[in-house]
There are 2 protein chains.
Amino acid sequence: MTGHRGTASIRDVARAAGVSYQTVSRVINDHPSVSPPTRQTVLDTIERLEYRPNRAARALAGGPVQSVTVLASNTSLYGFAAALEGIEEATREFGFVMGVRVVEPDTPAGVRDAVERAIEPAGAIIVIAFDKAGVDALASVPATVPVAAMVPAPTEGEHPARSSVWIDEYAAAKEATNYLLRLGHTTVHHLSIPSWTGATKRMLGWRSALQEAGLSVPKPLLAGWEASWGYEAGGKLAKKRDVTAVLCGNDDIAVGCIRAMHDAGRSVPEDVSIIGFDDVPLAQFYTPALTTVRQDFKALGRVCFAKLLSGLANGTREQRLRYPVAQLVIRESAGPPPKPSHRHATTLPAHGRAVPVNKRAFARLSKEK
Amino acid sequence: MTGHRGTASIRDVARAAGVSYQTVSRVINDHPSVSPPTRQTVLDTIERLEYRPNRAARALAGGPVQSVTVLASNTSLYGFAAALEGIEEATREFGFVMGVRVVEPDTPAGVRDAVERAIEPAGAIIVIAFDKAGVDALASVPATVPVAAMVPAPTEGEHPARSSVWIDEYAAAKEATNYLLRLGHTTVHHLSIPSWTGATKRMLGWRSALQEAGLSVPKPLLAGWEASWGYEAGGKLAKKRDVTAVLCGNDDIAVGCIRAMHDAGRSVPEDVSIIGFDDVPLAQFYTPALTTVRQDFKALGRVCFAKLLSGLANGTREQRLRYPVAQLVIRESAGPPPKPSHRHATTLPAHGRAVPVNKRAFARLSKEK
DNA sequence: AAGTCCGATGTGACCGATCACAATAGCCGA
DNA sequence: TCGGCTATTGTGATCGGTCACATCGGACTT
């Protein structure tokens, strides 16, 4: 073995197989002009010597890179983390290497830098563009770099070269809203995740359901991604007596909202119905268990990688990819609205059990930020 | 510019600065024998040409690699995800590139393969060895590869070359247990995360508190990492009337346990007190808000990277690293035990409000797995 | 004033792969 | 029988860095 680093190189394999190093290179890159017996000999030798192509050398020489860097503004929020998990699985399956780089929002220079540093070692990029930071990053990726993106919804004038994937959530948001209306609620409010385009698909689905039912559409609140935003916005909604149903942009927001309702003395689902979005693993264990719209981000991650790969493989077998579809999961956090006769007995809701306004908790949560 | 790939190379910089490429190499590697004026000229040229060293070439030539691969069995459980986040931040700060590879447990070949594939592109490795899969992976890393690990507790005969970091959680677990005892509970049960060594530090802290109080130590349940395990184990504990306080190995388990208690007709914290571990971001928004032991995994991730770096920098400034310390956070899920006189009125606890056994929910949760 | 040492810089080879191009062989038809 | 074509294989240069070693002054010894 020549390489003093312990691993076999392409020339070691060539020598052992009695061919030239170029032939070995052809074999590992599936080049057509290698005779079957030669190919087999080389493959056997590769196996025997436990040879693995060196990524650095390959990248340097301009060969296929087989590594991807994921750009995201966050790695621990459920949607992002689950997507990352799916991408990782897929890269592993295809022998790719996955890198991760967080892109800091709100600093144009930072975004450029992140993109640059992501391109350099990888060659291919996946952008999780659920939020503005991601979209900015996607926009800064030069056209020469293979890229795929996970987006909240298909863009109108989608650049054909920019392949993107998304979860079909419009119908499910509509269904969730209709579900609440069927339960007897006279309207449904919406605590949305932020959107830089003015409206998310889930928001449009919600709006459409209300409009089709001939109802006026309440002003949606853009509440951020985190539970604290849900709590804050929920606190405002809790003050309005006519709010009996809230569709939240994600499960964290829903949890915050439920807590805010609780602290305001309104119980869920007896007084207010709350539906989340995502179906985080814990959703079924909360009390009340969260009625929510399931989104399979892990599958989306896999699909996204597949899309990137099909772009890389330059036109071969561009099989139709199945995009995940969101799906309403009914549990406990939504139910019929309280009886109209009880509407004004705010501190003594339907069940007749007192739910005091939890002032201490309110103070604590405000303090903890 | 020579490089037809658009970026400047070390030779371009050399030509522009009027020095040899080797001098440029010396400058970017902080080699001492370069005269200050020359160094400055080169640095200016680098700036002007927007030169960035090529990772692939550097790795190929055996230079400093500046990239790390994180090996973990999971990337979305809170502790793992938060640690990853911390590592990512640190790598970004130091101009490193971070890769992630999931190591599948229970397949020795898979572990070896994961390690091998992690070493190849990176050169340095961080292992999140909170669980058995991680420990196995750590064990398979060849001694020649720079590595740092995050572990649940310092190992006894710790290999000096294997640098590892951990959170000091013993005292906090003890404090949490004592807190429950002070509230009046006659004993505290423990739903532990799994341990391959027989006992986690948090388990030892809990045990020690009980022993010092002269109490007998109940058999701990090793319940896995996920909420479903907490639910299952919690269901068993709920049947025992003398269980009034449970210390859970993490917050997810705590949530599952609370739900199990709820479904068994026992409310938290009125009938049973529950304390979690980790302080996940949502802990304060749950109802009841989780009393838990905070662990700063993000900080641990940063420390771990720092440790790896100090090993890489070969002996220079090995500053004492501050390990994170776990800390009890008191919220709502733990309180005084129910009055002894009410002990047997199981369906009508202290508050006099009926909490029916939630059979439907129980069935649903069992079905959803 | 000659010899020695050291700081600063330059030259050649190499890491492990790829690309472009050359070379060899075998087969066919004219 | 010979030229030409194609299928297969081999050779040299290259990617962008690093390492080992050579070179060259100038300061310091003796």
Side-chain angles (χ1 to χ4, degrees), chain A residues 1-43 45-46 49-67 95 97 119-121 123, chain B residues 1-43 45-46 49-67 95 97 119-121 123:
Chain A
M1 212 177 287
T2 292
H4 41 22
R5 274 176 224 181
T7 57
S9 83
I10 197 173
R11 296 177 208 250
D12 298 322
V13 175
R15 203 171 313 122
V19 297
S20 79
Y21 53 80
Q22 178 64 341
T23 302
V24 177
S25 172
R26 287 194 182 98
V27 169
I28 59 184
N29 286 303
D30 276 327
H31 194 89
S33 64
V34 177
S35 73
T38 308
R39 160 164 281 128
Q40 194 52 51
T41 311
V42 172
L43 285 176
T45 313
I46 286 177
L49 267 55
E50 295 185 331
Y51 163 79
R52 287 192 198 263
N54 177 317
R55 276 201 163 74
R58 177 174 274 183
L60 186 56
V65 192
Q66 307 219 320
S67 93
V97 151
I119 294 171
E120 197 266 310
Chain B
M1 211 177 284
T2 292
H4 41 23
R5 273 175 224 178
T7 56
S9 82
I10 196 173
R11 295 172 211 253
D12 298 322
V13 175
R15 202 172 313 124
V19 297
S20 79
Y21 52 81
Q22 178 62 337
T23 303
V24 178
S25 173
R26 288 196 181 97
V27 170
I28 58 184
N29 287 303
D30 277 326
H31 194 89
S33 63
V34 177
S35 72
T38 309
R39 158 164 284 126
Q40 194 51 51
T41 311
V42 172
L43 285 176
T45 313
I46 285 177
L49 266 54
E50 293 184 333
Y51 163 79
R52 284 190 198 267
N54 178 318
R55 278 200 161 73
R58 177 173 274 182
L60 187 55
V65 194
Q66 308 220 317
S67 94
V97 150
I119 295 171
E120 197 267 309

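Letters A, B, ... mirror the listed sequences (proteins, then strands); counts begin at 1. Every value quoted in this text rests on a predicted model; they were computed, and no experiment measured them.
- Using a 4.0 Å heavy-atom criterion, one finds that B:R26 contacts the bases of the nucleic acid, with or without backbone contacts as well.
- Judged by distance alone, with hydrogens and angles left aside, B:R11 brings a side-chain donor or acceptor within reach of the base of D:dG17, the pair sitting under 3.5 Å.
- Within the 4.5 Å cutoff, side-chain heavy atoms of A:N29 are placed close to those of A:R58.
- Here the P atom of nucleotide C:dA8 and the NE2 atom of B:H31 are 9 Å apart, to the nearest Å.
- Using a 4.0 Å heavy-atom distance criterion, B:S33 is classed as a base contact.
- Mapping A:R55 and B:V19 onto DNA chain C by nearest heavy atom places B:V19 closer to the 5' end of the strand.
- In this structure, the CD1 atom of B:I10 is 14 Å from the C1' atom of C:dT9, given to the nearest Å.
- Remark: C1' of D:dG16 and CG of A:L60 are 5 Å apart, rounded to the nearest angstrom.
- Taking atom CG of A:N54 as the reference point, atom P of C:dT18 lies 10 Å away to the nearest angstrom.
- Put simply, the side chain of B:V19 does not reach to within 4.5 Å of the side chain of B:T41, judged on heavy atoms.
- When the nucleotides D:dT18, D:dT11, D:dT8 are ranked by their closest atom to the side chain of A:S20, D:dT11 comes out on top.
- Side-chain contact between A:Q22 and A:S25 is present, with at least one heavy-atom pair separated by less than 4.5 Å.
- The side chain of A:Y51 lies closest to C:dA17, out of D:dT18, C:dA17, C:dG16.
- For A:N29, the listed nucleotide lying nearest its side chain is C:dT18; candidates were C:dT18, D:dT18, D:dT9.
- Rounded to an integer number of Å, the gap from A:Y21 OH to C:dA20 C1' is 12 Å.
- OP1 or OP2 of D:dT18 sits under 4.0 Å from a side-chain N or O of B:S25.
- Looking at every heavy atom in both residues, B:R26 comes nearest to B:V34 through CB-CG2, 3.6 Å.
- As a whole-Å value, the separation of A:R58 CZ from C:dG16 C1' is 11 Å.
- At a threshold of 4.0 angstrom between heavy atoms, the contacts of A:R39 with the nucleic acid are absent.
- Looking at A:T23 and A:S20, their side chains do bring a donor and an acceptor atom within 3.5 Å of each other.
- Residue A:Q22 is the one, among A:Q22 and B:P53, whose nearest nucleotide of DNA chain D lies closer to the 5' end (criterion: closest heavy atom).
- Taking only side-chain nitrogens and oxygens, A:T23 comes nearer than 4.0 Å to OP1 or OP2 of D:dG10.
- The shortest distance between the side-chain N/O atoms of B:S35 and the OP1/OP2 oxygens of C:dG7 is not below 4.0 Å.
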